[in-house]
Amino acid sequence: MKSLFCCSFLLLLVCTGYSQQIRYQVSFNNAIHHEASISVTAEKLPAQPAVFRMSRSSPGRYATHEFGKNVYDVSATDQQGKKLVINRIDGDVYEVPKHNGTVTVTYTLYANYADGTYAGIDPESIHLNMPACFMWVKGMDKAPIEITFNIPAGNKGKIATQLYPTAKPNTFTAPGLQYFMDSPTKIGDLFIRDWTMRNVDGKEYTIRIALEADASAEQVDNLAERTRKIVSEAYAVYGEFPDYANSTYTFLMSANPFVYGDGMEHRNSTMISSTMQTFNPARLMGVTAHEYFHNWNVERIRPKTLEPFNFEKSNMSNELWFAEGFTQYYGELLLARAGLKAEQNQLMTMSGLVNTKTNTPGAKFYSPIYASNHAVFVDASVSIDKNNYSNMFTSYYTYGAALALALDLELQTRYGKTLDAYMQAMWKRFGKKEIPYTITTMQETLAGITDAGFAEQFFTKYIRGHESIDYGSLFAQAGYDLKKANEGKASIGLMASKNDQDKLVITSNTQRGTAAYLAGLDIQDEILKLDETVVKTTADINAYIDQKKPGDLVKVTYKHRGKENTTQVTLQENALLTLVPFEQSGKTVTDNMKKIRNSWFTSQVK
Ligand SMILES: [Zn+2]
């Protein structure tokens with residue numbers, strides 16, 4: 001760290017002498033019971049109570065987390081090892097009221113949930129996401145950090161991380177808290193594969209895989225070959241790599257029965273965990289493409305609402321429909337372009353997105369900004385009460401991806417560009433220079449590659465608003481008919497199954513606008529009869545409704561809070577939509593249509 005005021009040699013000494021530093025020591029003597037012993041030493045503390053705390057949030061996971069629950073045996077000492085008083089002043093906050101400038105806090109961490117957010121400790125396998133593990137010192141966010149891992153017996157000791165290596169064994173550094181917290185670390189028996197990619201400016205970057213799996217060398221090579229294709233397709237979208245620290249990007253991958261499925265992006269790495277009994281590289285590709293795309297979109301093309309990341313509370317964003325949703329769209333698209341996903345499957349993915357925007361209440365009646373705001377409650381948050389998400393929240397992943405699909409088609413049909421042009425413009429203006437963007441500056445950037453009128457209309461209707469999108473006209477220009485998947489088929493609009501008392505009950509909130517909702521049927525109602533037919537199973541309901549037509553009336557006998565009622569349901573047509581290629585109905589596919597299809601289904605690597 002440099003300070004502008006340290007201009008003479010003497011001053012430089014003074015400044016360096018007084019610069020603060022944080023040091024962590026991590027030991028795993030009780031790893032068999034999933035415990036780590038962690039000490040954090042802070043020096044040059046100001047003469048006031050020192051506050052050490054666990055985080056309540058984790059970069060890329062937008063809900064509140066209670067990492068403090070798995071921390072105990074907390075004690076504090078000074079530099080001579082003399083005990084200091086330490087008080088727990090909140091669930092996850094500890095205060096040392098008196099000290100002489102240096103404090104070491106030692107604690108036990110329990111970690112037995114290896115995924116993209118939490119941690120897992122076992123003698124053979126150490127899997128650390130930093131916010132779940134490490135206390136930090138309030139007010140010392142900028143202090144450089146050094147961490148030493150004391151490897152337990154029985155661990156192969158290969159360490160993979162984006163932290164900066166040092167000459168000291170098993171010791172790494174981070175320039176400050178934000179980078180440290182962003183640097184997941186795996187220690188164990190890891191397969192390593194790496195290769196060099198040359199950037200447009202001639203600079204070379206190492207792309208590295210560190211994999212924990214019961215796999216053969218050939219399978220790992222196969223994984224590397226597939227990953228390489230994804231990296232190349234992602235690079236082709238932006239035409240440039242981000243400037244990775246240490247000139248290295250690391251895929252930390254775990255594919256075994258001992259981890260929980262997840263993927264989490266970081267600046268120079270990603271933590272991917274996939275529950276697998278038998279190693280299969282193909283199953284890692286979707287998450288790999290999504291997370292790798294993030295190292296442009298969200299790690300560097302970053303919304304102002306997430307800068308800087310606050311570790312004390314959830315971080316609300318207006319832009320996750322773009323940060324996550326557009327990344328979701330591209331994750332799937334990169335697979336199709338790289339030849340890792342069949343055209344027919346990608347078409348099904350696109351049909352799914354059309355249905356998301358067209359048929360879910362959360363996307364019909366609420367803006368994607370609203371959906372993004374709600375991430376603080378849904379992104380791996382924990383609560384026990386019921387919610388009404390099926391009527392007011394659609395995931396910003398699929399909602400955002402549905403908007404990306406619409407914008408891609410708009411750009412292709414009106415301006416002869418693909419969505420790649422917009423991603424490049426966002427990269428050049430914000431990502432490369434690391435300037436945070438807002439909804440307003442996103443709109444300006446879209447205007448820059450289209451025109452002000454189009455950008456204004458798109459953002460007003462679909463981003464600030466929630467108007468419906470005419471996917472039918474858009475897809476017709478790519479040579480697809482958008483059709484009802486079950487034309488003429490009746491739908492009652494409820495999901496029911498047998499409960500533990502053998503009663504057939506509605507299992508999820510009925511969705512507003514559906515036949516069941518309009519007839520007053522709701523979650524936990526017990527269905528007894530449709531007209532005069534007794535129904536005991538889901539199959540009974542389906543068999544009865546299958547004989548009917550949209551518009552038919554059905555009398556439903558049901559129990560609500562134990563009391564028998566009847567209601568009249570007017571059946572509706574099944575709303576599910578599907579995309580059908582023109583070829584299936586003998587229509588001509590023009591060159592322009594083929595061009596759009598090629599942008600989806602063929603490699604864009606030059
Ligand atoms: Zn993501």
Side-chain angles (χ1 to χ4, degrees), residues 22-29 31 34-40 54-55 58-61 67 70-71 107 109-136 144-152 154-166 168-192 194 206 208-213 244-246 248-256 258-260 262-273 291 295 299 311:
I22 307 283
R23 279 181 287 115
Y24 291 95
Q25 283 280 341
V26 195
S27 305
F28 303 95
N29 298 334
H34 316 293
E35 284 184 342
S37 176
I38 298 175
S39 72
V40 47
M54 290 298 287
S55 297
S58 187
R61 266 283 164 263
F67 300 124
N70 281 338
V71 160
Y107 59 95
L109 171 79
Y110 177 79
N112 194 15
Y113 197 89
D115 76 345
T117 304
Y118 298 97
I121 293 169
D122 193 88
E124 288 178 16
S125 169
I126 292 157
H127 178 113
L128 307 176
N129 286 295
M130 300 338 214
C133 304
F134 294 103
M135 275 196 194
W136 48 278
I145 289 170
E146 185 187 271
I147 183 164
T148 301
F149 300 103
N150 300 293
I151 313 290
N155 188 292
K156 293 283 187 340
K158 284 188 195 166
I159 303 179
T161 179
Q162 68 173 32
L163 291 167
Y164 292 76
T166 68
K168 294 190 224 170
N170 305 332
T171 301
F172 299 82
T173 61
L177 182 72
Q178 291 279 338
Y179 192 88
F180 178 72
M181 286 298 189
D182 190 50
S183 302
T185 299
K186 273 194 82 80
I187 307 171
D189 190 9
L190 306 172
F191 286 102
I192 306 290
D194 57 30
T206 300
R208 176 169 63 163
I209 289 175
L211 169 74
E212 180 187 73
Y244 299 126
N246 298 315
T248 303
Y249 182 88
T250 306
F251 289 95
L252 296 156
M253 291 174 156
S254 314
N256 56 58
F258 316 111
V259 295
Y260 297 85
D262 202 359
M264 185 50 66
E265 68 279 4
H266 300 277
R267 263 184 88 80
N268 305 298
S269 63
T270 181
M271 188 68 132
I272 290 171
S273 52
E291 302 309 330
N295 77 75
E299 286 302 328
F311 289 96

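The structure presented is a predicted model; accordingly, all values stated were derived computationally and were not measured.
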Tell me, please, which residues at least two apart from [X] pass side-chain hydrogen bond (donor to acceptor under 3.5 Å, both in side chains).
X      : answer
Thr173 : none
Asn268 : Tyr179, Arg300
Thr171 : Thr148
Asp122 : none

Can you list the residues that meet the side-chain contact (heavy atoms from CB on, under 4.5 Å) rule with [X], with sequence neighbours excluded?
X      : value
Ala132 : Phe67
Ala114 : His127, Val259
Tyr24  : Ile22, Ile38, Val40, Phe134, Trp136, Ile145, Ile147, Phe180
Thr206 : Asp194, Thr248

Working to the nearest 0.5 angstrom, can you tell me the gap between [X] [atom1] and [Y] [atom2]?
X      : Y      : atom1 : atom2 : result
Asn256 : Glu212 : CG    : CD    : 5.0 Å
Asn155 : Ser125 : CG    : OG    : 7.5 Å
Phe28  : Asn150 : CZ    : CG    : 8.0 Å
Met135 : Ser39  : CE    : OG    : 11.5 Å

Checking [X] now: which residues fulfil ring-ring contact (aromatic ring centres under 6.0 Å, His included) with it, not counting sequence neighbours?
X      : value
Tyr260 : Tyr113
Tyr107 : none
Tyr244 : Tyr205, Tyr249

Are the side chain of Ser269 and the backbone of Phe251 linked by a donor-acceptor contact shorter than 3.5 Å? no

SB check Asp262 Arg61 (cutoff 4.0 Å):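 Salt bridge flag = yes for Arg61 with Asp262.
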
ask   = Excluding sequence neighbours, so at least two apart, what forms salt bridge (charged side-chain N to carboxylate O under 4.0 Å, His left out) with Glu35?
value =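 So Glu35 forms no salt bridge (charged side-chain N to carboxylate O under 4.0 Å, His left out) with any residue.
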
Item to check | Check: Ser183/Gln162 side-chain N/O donor and acceptor closer than 3.5 Å | outcome: yes

